[in-house]
Visitor: 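There's a structure below that I have some questions on.
To find a chain, count down the sequence lines: A is the first, B the second, and so on, and within it residues start at 1.
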Amino acid sequence: MCTLEKRGSLFILTLTSDQDDQHRLNPTLISSIFSALSQIQSQPTAGSALVTVAHGGSGKFFCNGFDFRWAQAADSQSGARQRLRHMADSFRQVVAALLSLPMPTIAAVSGHAAAAGFILAIAHDYVIMRKDRGVLYMPEVDLGITLPDYFAAAARAKIGSPAALRNVVAKGVKVKAKEGVEMGIVYSAHDSEEGTVEAAMRLAEELMGKKWEGEAYAEIRKCLYPEMCSVLGLSSKSFISKI
Amino acid sequence: MCSLEKRGNLFVLTLTGDNQNRLAPPLISSLLSTLSQISSDATPGSVLITTSHGRSFSNGFDLTYARAAASPSDAFDRLHSMVESFRPVAAALMSLPMPTIAAVTGHASAAGLMLAICHDYIFMRSDHGVLYMPEVNLGLPLPDYFAAVMRTRIKSPAALRDLLLRGVKANAAEGVKMGIVDSAHDSAESTMDAAVRVGEELARRKWKGEVYAEIRKSLYPEACGVLGLTQKAIVSKI
């Protein structure tokens, strides 16, 4: 599940681990994240920011992707496939919500971020990552599963170098924080879970100090990733601003 | 306003206005007519160098002119009309039948950075001047062709985010790291010297301008689409 906390203008979305140390995205967690994001969307103030963190358990995982245990618990192969498709469809709304959120977004990745968990991280504007533990990993090629269209669109939007894109998506390379910085995926790398979360909060404070107008911020963000927006069904909105 | 000088094969276009070289309607239309003159006077080996006098290369649209309108909605209309009249300037640069070099010797902000980035090469002085997209700080939308050209010319997602979504001010050295600036030079004079040196080097290739323009457009299909530019095939010799 997840919790949402508001400290002044700062929203903190925390993936908690009451039952699952790996924060796997099953229908319950997906809809819990989606409703937290909708709640944020409905009460933005100028100069807001979102920081997403994972907390509790062994601290080994930020998010380990879709909940395959839940899919495999279906009574048939086709039932399992259907469950996987259902998770992919409902998670699409989460990624779309992050891309249209009217404020800067920061993921504090202090453990493994794999598959849909990696997409969750890179759907934020900034990825802050822990150096001494955790990898970014797209296991689909190893598992023999193709990527949902919006996973591929997100990876293409956020990973600029063709070699890095190939290594992450088509080679299944596990990327540590420092390598992530070199690839341009990770904004900064830090020593511990605390250090990572602190760096995310510091960046959030700095960005909140700019008092950006949320609607303009979201529209400019969407301009940067037109292909990803079209796959997610997001269109640009015109808005009236002061000059 | 702007002036045009011909030095051998080099066309030197200089923004000569006040310190900010704000793109108000007169400067925009003067740029457009100058570029169309350059385009029709082009010969094999022509090269364009664009530079400026003053503290800024260009600080973008003239918001003072827009804000002087009678009402907020008139102000927005004025801004919109500058956005639309600058679009053919960007299109003219993207289809100019010769190599183009911006010698950025001062700040290049907003539409001023667009002007620079529509050139094939950007040389920038390192002791003064920043590249800056203030839209996020001003709460202003990004015109479609601004976004398309920026996406085309800035390939690092982190650099694109920092420039457009964070409003960072990049000096010449940072511009080089972001892959926006080709080289940094320590004064206005040495920036212009470098532009002239590379301009003369490119001029010696005697490239066919029409083919050069088509090849350039083929590199940036998305930006060309938004700018209303189409492509055609040319086979000059095989």
Visitor: For the candidates A:S236, A:C223, A:G160, A:G184, which exhibits the highest count of non-hydrogen atom pairs separated by less than 4.5 Å from chain B?
Guide: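 It is A:C223.
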
Visitor: Could you tell me if B:N59 and B:S109 have a donor-acceptor pair between their side chains, going purely by distance under 3.5 Å?
Guide: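 The answer is yes; a qualifying pair exists.
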
Visitor: When heavy-atom pairs shorter than 4.5 Å are enumerated against chain A, which of B:V136, B:L140, B:L164 gives the highest number?
Guide: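 Heavy-atom pairs under 4.5 Å are most numerous for B:V136.
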
Visitor: Tell me, side chain or backbone of B:R161 under 4.5 Å from chain A's heavy atoms, or both, or neither?
Guide: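 Both parts, backbone and side chain.
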
Visitor: Name the option with the most non-hydrogen atom pairs under 4.5 Å to chain A; the candidates are B:S73, B:A66, B:P141, B:S156.
Guide: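 Heavy-atom pairs under 4.5 Å are most numerous for B:P141.
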
Visitor: Between A:L207 and chain B, with a heavy-atom cut-off of 4.5 Å, which part of the residue counts as in contact: side chain, backbone, both or neither?
Guide: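 When you check distances to chain B, only side chain atoms of A:L207 fall under 4.5 Å.
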
Visitor: Salt bridge check, A:D191 against A:R130: does any charged N sit closer than 4.0 Å to a carboxylate O?
Guide: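 Salt bridge flag = no for A:D191 with A:R130.
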
Visitor: Between A:D142 and A:Y137, does any side-chain donor sit less than 3.5 Å from a side-chain acceptor?
Guide: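 Checked: A:D142/A:Y137 side chains pair up, N/O donor to acceptor below 3.5 Å.
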
Visitor: Name the region of A:E227, side chain, backbone, both or neither, that has any atom closer than 4.5 Å to a heavy atom of chain B.
Guide: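 For A:E227, neither part sits under 4.5 Å from chain B.
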
Visitor: So which residue, B:R151, B:R166, B:E222, ends up with the most heavy-atom pairs under 4.5 Å with chain A?
Guide: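 Heavy-atom pairs under 4.5 Å are most numerous for B:R166.
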
Visitor: For the residue pair B:D162 / A:Y187, report whether a side-chain donor-acceptor contact shorter than 3.5 Å exists.
Guide: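 Judged by distance alone, the side chains do not pair up.
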
Visitor: Just say parallel, tilted or perpendicular for the rings of B:W207 and B:Y212, cut-offs at 30° and 60°.
Guide: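 Aromatic pair B:W207/B:Y212 classed parallel.
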
Visitor: Among B:M150, B:R67, B:K155, B:E135, which residue forms the greatest number of heavy-atom pairs with chain A at distances under 4.5 Å?
Guide: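 Top count of heavy-atom pairs under 4.5 Å with chain A: B:R67.
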
Visitor: For B:T14 and B:H53, does a side-chain donor sit closer than 3.5 Å to a side-chain acceptor?
Guide: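 Per modelled atom types, B:T14 and B:H53 side chains form no pair under 3.5 Å.
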
Visitor: Go through the atoms of A:A46 and report whether side chain, backbone, both or neither lie under 4.5 Å from a heavy atom of chain B.
Guide: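 Looking at A:A46, nothing touches chain B.
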
Visitor: Do you know which of B:A147, B:A159, B:G139, B:A148 has the most heavy-atom pairs with chain A at a distance under 4.5 angstrom?
Guide: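 Sorted descending by pairs with chain A, the first entry is B:G139.
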
Visitor: Would you mind checking if B:D144 and B:R87 are paired as a salt bridge, meaning a charged N to carboxylate O distance below 4.0 Å?
Guide: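 Looking at B:R87 and B:D144, the cut-off is met.
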
Visitor: Checking B:R78 against chain A: side chain, backbone, both or neither under 4.5 Å from a heavy atom?
Guide: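 No part of B:R78 comes within 4.5 Å of chain A.
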
Visitor: Looking at A:K222 and A:E219, is there a salt bridge between them, counting it only when a charged N and a carboxylate O are closer than 4.0 Å?
Guide: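 Answer for the salt bridge query: yes.
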
Visitor: Heavy-atom distance under 4.5 Å to chain A: side chain of B:L138, backbone, both or neither?
Guide: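 Answer is backbone: N, CA, C or O of B:L138 sit under 4.5 Å from chain A.
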
Visitor: A:K158 versus chain B, heavy atoms under 4.5 Å apart: side chain, backbone, both or neither?
Guide: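 The answer is the backbone of A:K158.
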
Visitor: Considering only NZ, NE, NH1 and NH2 on the basic side and carboxylate oxygens on the acidic side, decide whether A:D125 and A:R221 come within less than 4.0 Å.
Guide: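 Yes, charged N to carboxylate O under 4.0 Å.
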
